[in-house]
Amino acid sequence: MNERMYHVLLILTDGDIHDMPITKDIIVEGSEYPLSIIIVGLGENSFDKMIELDGDDVILRNTRGEPTKRDIVQFVKFNEFRHKSKQALAEEVLEEVPEQVISYLCQNG
């Protein structure tokens with residue numbers, strides 16, 4: 001990836017992940033790059049695995065036990081914002097991106 005660019009990946013999903021170990025490995029590796037991942041859960045699923053990927057409660061680790069270098073994932077359940085303003089949804093979806101960008105820049109000069 002070009003170090004002068006910062007990338008934001010938006011994933012819209014109506015289900016949970018079935019390849020969790022590989023996904024964790026990819027996210028831990030991705031935490032070294034100028035990247036944020038925003039996952040929006042659509043529908044009534046519990047999205048427990050997506051919440052785990054978010055890493056707000058527990059640091060996400062790969063299959064070798066290595067932690068992410070920084071938080072790069074934000075997970076939002078769309079249904080929690082179904083009857084709120086578009087602005088409230090946008091604020092929640094983008095809430096962590098500024099800190100994620102700053103943490104990348106601080107770690108990589």
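Scanning both residues, Val40 and Phe78, for their nearest heavy atoms gives CG1-CB, 3.9 Å. Shown here for Lys49 and Asp16, the closest heavy-atom pair between the two residues is CB-OD1, 3.3 Å.
At least one side-chain heavy atom of Phe47 sits less than 4.5 Å from a side-chain heavy atom of Thr13. Side-chain contact check for Ile17 versus Asp19: some heavy-atom pair is nearer than 4.5 Å. A 4.5 Å side-chain heavy-atom check between Leu89 and Glu80 finds every atom pair outside the cut-off. Counting heavy atoms from C-beta on, the side chains of Leu60 and Val58 never come closer than 4.5 Å. With a 4.5 Å cut-off on side-chain heavy atoms, Ile39 and Ile37 count as touching. The shortest side-chain heavy-atom distance between Val28 and Arg61 does not fall under the 4.5 Å cut-off.
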I'd like a table of donor-acceptor pairs (distance under 3.5 Å, sequence neighbours excluded) in which one partner is a side-chain atom from residues 69-77, with atom names and distances.
from  : atom 1 : to     : atom 2 : distance (Å)
Arg70 : NE     : Ser31  : O      : 3.1
Arg70 : NH1    : Tyr6   : OH     : 3.4
Arg70 : NH1    : Gln100 : O      : 3.0
Arg70 : NH2    : Tyr33  : O      : 2.4
Arg70 : NH2    : Leu35  : O      : 3.1
Asp71 : OD1    : Val73  : N      : 3.3
Gln74 : NE2    : Glu92  : O      : 2.7

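The distance from atom CD of Glu96 to atom OG of Ser103, rounded to the nearest 0.5 Å, is 10.0 Å. Here OH of Tyr104 is found 15.5 Å from CD of Glu99. Values are rounded to the nearest 0.5 Å. We find the OG1-CD distance between Thr68 and Glu29 to be 13.0 Å, quoted to the nearest 0.5 Å.
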Self-check item: Derivation and outcome, side chain to side chain contact (heavy atoms under 4.5 Å, CB included), residues Met50 and Leu53
Solution: CA-CA 5 Å; Met50 300 299 180; Leu53 293 177; 4.2 Å; yes

Quiz item: Could you go step by step and tell me if Val8 and Ile38 meet the side chain to side chain contact (heavy atoms under 4.5 Å, CB included) rule?
Solution: CA-CA 7 Å; Val8 178; Ile38 299 170; 3.6 Å; yes

Quiz item: What's the verdict on side chain to side chain contact (heavy atoms under 4.5 Å, CB included) for Asp25 and Ile27, showing C-alpha distance, side-chain angles and the deciding distance?
Solution: CA-CA 6 Å; Asp25 287 349; Ile27 291 173; over 6 Å; no

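Other residues, nucleotides and ligands place no more than 12 heavy atoms under 6.0 Å from the CD1 atom of Ile22. Within 6.0 Å of CG on Leu12 lie more than 12 heavy atoms contributed by other residues, nucleotides or ligands.
The hydrophobic cluster analysis finds Ile102 isolated: no Ile, Leu, Val, Met, Phe, Trp or Tyr side chain comes under 4.5 Å of it, directly or through other members.
For Glu66, the side-chain contact (heavy atoms from CB on, under 4.5 Å) partners are Asn62, Arg64, not counting sequence neighbours.
Cluster membership for Leu42 and Leu94, using ILVMFWY side-chain heavy atoms within less than 4.5 angstrom, is shared.
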